[in-house]
A.B. asks: 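Before I ask anything, here is the structure I am working with.
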Amino acid sequence: MIGWHQQFKGHEFEYKVLRPSDLKVDPLYQRPLDMKRVEKICKEFNGDIFNEPKVSYRDGAYWIFNGQHSVAVWKKIHDNKDTPLTCKVYRGMTWLDECEAFILQNGLDKDPTTNEKLNAAYNSNDPDVTDMVSKAKLCGYTVDFIVSKTPTRIIATSALFRAYKALGGEAFLDMMTAIRDAWYGDVDAISVQIISGMATFYKTYWGYFERGALVDKLKRVKPADIIREGKAYTSRRNTYSQEICKIYNVKRRNRLDVAKLA
């Protein structure tokens, strides 16, 4: 194909031969290069299904938004020489367009993880993701999409975003504040199990429970104990939210119905 072409939906593109050294990667929305994956693809390399990298020509430079692993594979099978390869080059894309394309990409290439997608969405100022990060920060928690566990860094970003979308900003902030007030500094308190369990509990009973009583009851139990008890009942649904509900009900006259969480 020669010259620029217009897709039914999307930006104009052309196929162009470029050298790997011509191509740039923006770390704000791209995933880190996984050399183990590169090695695996090289061992199983099949030129018939090799996908040309998708590149945005922006500000006088060529930015890969889909296919940096393909470029790394190409270099490796050519003995790390700067051997030219065919790329699908788009024009007219903004940085935000590249972020969106990265988030939405699919096909034979490995999809980005949810954490990577949320990181890209955050850097493109997605209102829901930025609000989620802001509200978590108000409660003393860091959401920087770095997968390195610390007592106050939330790495369960997928569970966190599901909670935000399910609850809305107000209830989400209240939930995160309750987690902080009960267990701040306990790494298990910001695990997938606890965040998901608290979110289901809040979604079911928001407006029907006493928040102060909930925090007081939760303080008396370690998050690890809730996780252990929840795992013991793998045949049940929403086991962690049920455990939280049971804890809330202890010595209360007006108990919540645990069965609603099943």
Side-chain angles (χ1 to χ4, degrees), residues 114-115 118 122 127-262:
T114 301
N115 190 62
L118 290 172
Y122 177 73
D128 286 340
V129 179
T130 53
D131 190 48
M132 175 193 76
V133 172
S134 176
K135 283 180 167 53
K137 186 176 180 180
L138 285 174
C139 299
Y141 292 107
T142 299
V143 183
D144 54 11
F145 308 102
I146 295 174
V147 185
S148 178
K149 189 179 291 187
T150 72
T152 58
R153 171 183 283 132
I154 299 176
I155 63 174
T157 53
S158 178
L160 192 71
F161 189 62
R162 286 197 302 270
Y164 177 88
K165 295 295 285 185
L167 299 176
E170 182 183 359
F172 175 80
L173 178 60
D174 193 271
M175 182 194 81
M176 293 306 300
T177 304
I179 291 174
R180 177 199 66 193
D181 292 348
W183 300 309
Y184 190 71
D186 189 326
V187 70
D188 290 322
I190 48 177
S191 63
V192 171
Q193 295 91 339
I194 296 299
I195 291 174
S196 298
M198 286 287 285
T200 302
F201 177 84
Y202 261 74
K203 185 177 181 180
T204 305
Y205 286 117
W206 173 245
Y208 293 94
F209 64 87
E210 295 180 23
R211 185 188 172 284
L214 174 65
V215 171
D216 183 62
K217 295 292 180 64
L218 293 178
K219 283 181 178 179
R220 304 177 190 183
V221 181
K222 292 181 179 180
D225 294 336
I226 295 175
I227 295 170
R228 185 186 66 252
E229 290 298 320
K231 285 182 177 179
Y233 297 95
T234 55
S235 61
R236 291 188 336 210
R237 293 178 63 249
N238 302 322
T239 57
Y240 305 107
S241 59
Q242 289 185 52
E243 291 303 317
I244 290 167
C245 191
K246 289 178 183 178
I247 292 166
Y248 175 79
N249 282 340
V250 172
K251 296 183 179 180
R252 289 193 61 82
R253 181 174 299 175
N254 298 318
R255 298 185 176 187
L256 301 177
D257 185 0
V258 177
K260 282 189 176 183
L261 297 164

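Just so we're clear, the structure is a prediction, and the values are computed from it rather than from any experiment.
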A.B. asks: Side chains of Met175 and Phe201, heavy atoms from C-beta outward: is any pair under 4.5 Å?
C.D. replies: no
A.B. asks: By ring-ring contact (aromatic ring centres under 6.0 Å, His included), which residues pair with Tyr202, not counting sequence neighbours?
C.D. replies: Trp206, Phe209
A.B. asks: Indicate yes or no: at least one non-hydrogen side-chain atom of Tyr164 is less than 4.5 angstrom from one of Val129.
C.D. replies: no
A.B. asks: In sequence, state the C-alpha distance, the side-chain angles, and the governing distance for Met176 and Leu160, and then conclude on side chain to side chain contact (heavy atoms under 4.5 Å, CB included).
C.D. replies: CA-CA 10 Å; Met176 293 306 300; Leu160 192 71; 3.8 Å; yes
A.B. asks: Hey, could you give me the CD/CG distance between Glu243 and Leu261, rounded to the nearest 0.5 Å?
C.D. replies: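 Rounded to the nearest 0.5 Å, the CD-CG separation comes to 11.0 Å.
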A.B. asks: With sequence neighbours excluded, what pairs up with Asp186 under the side-chain contact (heavy atoms from CB on, under 4.5 Å) test?
C.D. replies: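 Testing Asp186 for side-chain contact (heavy atoms from CB on, under 4.5 Å), a comparison that skips the adjacent residues, returns Trp183, Asp188, Ala189, Pro223.
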A.B. asks: Distance check, rounded to the nearest 0.5 Å: Asn115 atom CG versus Thr157 atom OG1?
C.D. replies: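 So the gap between those two atoms works out to 3.5 Å.
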A.B. asks: Strictly by salt bridge (charged side-chain N to carboxylate O under 4.0 Å, His left out), give each pair with a member in residues 146-159 just once, sequence neighbours left out.
C.D. replies: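 Of all non-adjacent pairs touching residues 146-159, those that pass salt bridge (charged side-chain N to carboxylate O under 4.0 Å, His left out) are Asp144-Arg153.
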A.B. asks: Taking Ser134 for its side chain and Thr130 for its backbone only, find out whether a donor-acceptor pair lies under 3.5 Å.
C.D. replies: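 Checked: no pair found.
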A.B. asks: Among residues two or more places apart or on two chains, list those pairs meeting salt bridge (charged side-chain N to carboxylate O under 4.0 Å, His left out) that have a residue in residues 248-262.
C.D. replies: Glu210-Arg252
A.B. asks: Do Thr204 and Ser241 pass the side chain to side chain contact (heavy atoms under 4.5 Å, CB included) test, and can you show the C-alpha distance, the side-chain angles, and the key distance before you say yes or no?
C.D. replies: CA-CA 10 Å; Thr204 305; Ser241 59; over 6 Å; no
A.B. asks: Applying side-chain hydrogen bond (donor to acceptor under 3.5 Å, both in side chains), name anything that partners Lys165, two or more places apart in sequence or on another chain.
C.D. replies: Asp128
A.B. asks: Rounded to the nearest 0.5 Å, what separates atom CD1 in Ile190 from atom CD1 in Ile155?
C.D. replies: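 Nearest 0.5 Å value for the CD1-CD1 distance: 8.0 Å.
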A.B. asks: Using the rule given for side chain to side chain contact (heavy atoms under 4.5 Å, CB included), can you reason through Ile154 versus Thr142, listing the C-alpha separation, both sets of side-chain angles and the distance that settles it, and then say yes or no?
C.D. replies: CA-CA 6 Å; Ile154 299 176; Thr142 299; over 6 Å; no
A.B. asks: Give, for atom CD1 of Ile226 and atom CD1 of Ile244, the distance between the pair rounded to the nearest 0.5 Å.
C.D. replies: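 Ile226 atom CD1 to Ile244 atom CD1 measures 5.0 Å (nearest 0.5 Å).
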A.B. asks: State, to 0.1 Å, how close Val192 and Ala156 come at their nearest heavy-atom pair, and which atoms those are.
C.D. replies: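 That closest heavy-atom pairing would be CG2-CB, 3.5 Å.
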A.B. asks: Tell me, please, which residues at least two apart from Arg162 pass side-chain hydrogen bond (donor to acceptor under 3.5 Å, both in side chains).
C.D. replies: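 Per chain and number, Arg162 pairs via side-chain hydrogen bond (donor to acceptor under 3.5 Å, both in side chains) with Ser158.
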A.B. asks: Looking at Lys222 and Asp225, does any basic side-chain N land under 4.0 Å from a carboxylate oxygen?
C.D. replies: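 So Lys222 does not pair with Asp225 through a salt bridge.
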A.B. asks: Going through the distances and angles, do Ile179 and Met198 end up as a side chain to side chain contact (heavy atoms under 4.5 Å, CB included)?
C.D. replies: CA-CA 8 Å; Ile179 291 174; Met198 286 287 285; 3.9 Å; yes
A.B. asks: Looking at every heavy atom in both Asp131 and Gly169, which two are closest together, and how far apart are they?
C.D. replies: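 Minimum heavy-atom contact is OD2-CA, 4.5 Å.
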A.B. asks: If you look at every heavy atom in Ala163 and Ile195, which pair is closest and at what distance?
C.D. replies: CB-CG2, 4.3 Å
A.B. asks: Could you state the interatomic distance from CZ (Phe172) to NZ (Lys135), rounded to the nearest 0.5 Å?
C.D. replies: 8.5 Å
A.B. asks: So, using side-chain hydrogen bond (donor to acceptor under 3.5 Å, both in side chains) as the criterion, who are the partners of Ser191 when residues are at least two apart?
C.D. replies: Gln193
A.B. asks: Starting at CD of Glu229, measure out to CD1 of Ile247 and round the result to the nearest 0.5 Å.
C.D. replies: 9.0 Å
A.B. asks: Name the atoms and distances for all side-chain donor-acceptor pairs under 3.5 Å in residues 211-218, with sequence neighbours left out.
C.D. replies:
unit_1, atom_1, unit_2, atom_2, d
Arg211, NE, Asp174, OD1, 3.4
Arg211, NE, Asp174, OD2, 3.4
Arg211, NH2, Asp181, OD2, 3.0
Asp216, OD2, Arg220, NH2, 2.7
Lys217, NZ, Tyr248, O, 3.2
Lys217, NZ, Val250, O, 2.4

A.B. asks: Tell me every residue that passes side-chain hydrogen bond (donor to acceptor under 3.5 Å, both in side chains) with Thr200, counting only those two or more places apart in sequence or in another chain.
C.D. replies: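 Here no residue qualifies.
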A.B. asks: Under the ring-ring contact (aromatic ring centres under 6.0 Å, His included) definition, can you give me all pairs with a residue in residues 132-159, not counting sequence neighbours?
C.D. replies: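 Qualifying pairs: Tyr122-Phe145, Tyr141-Tyr184.
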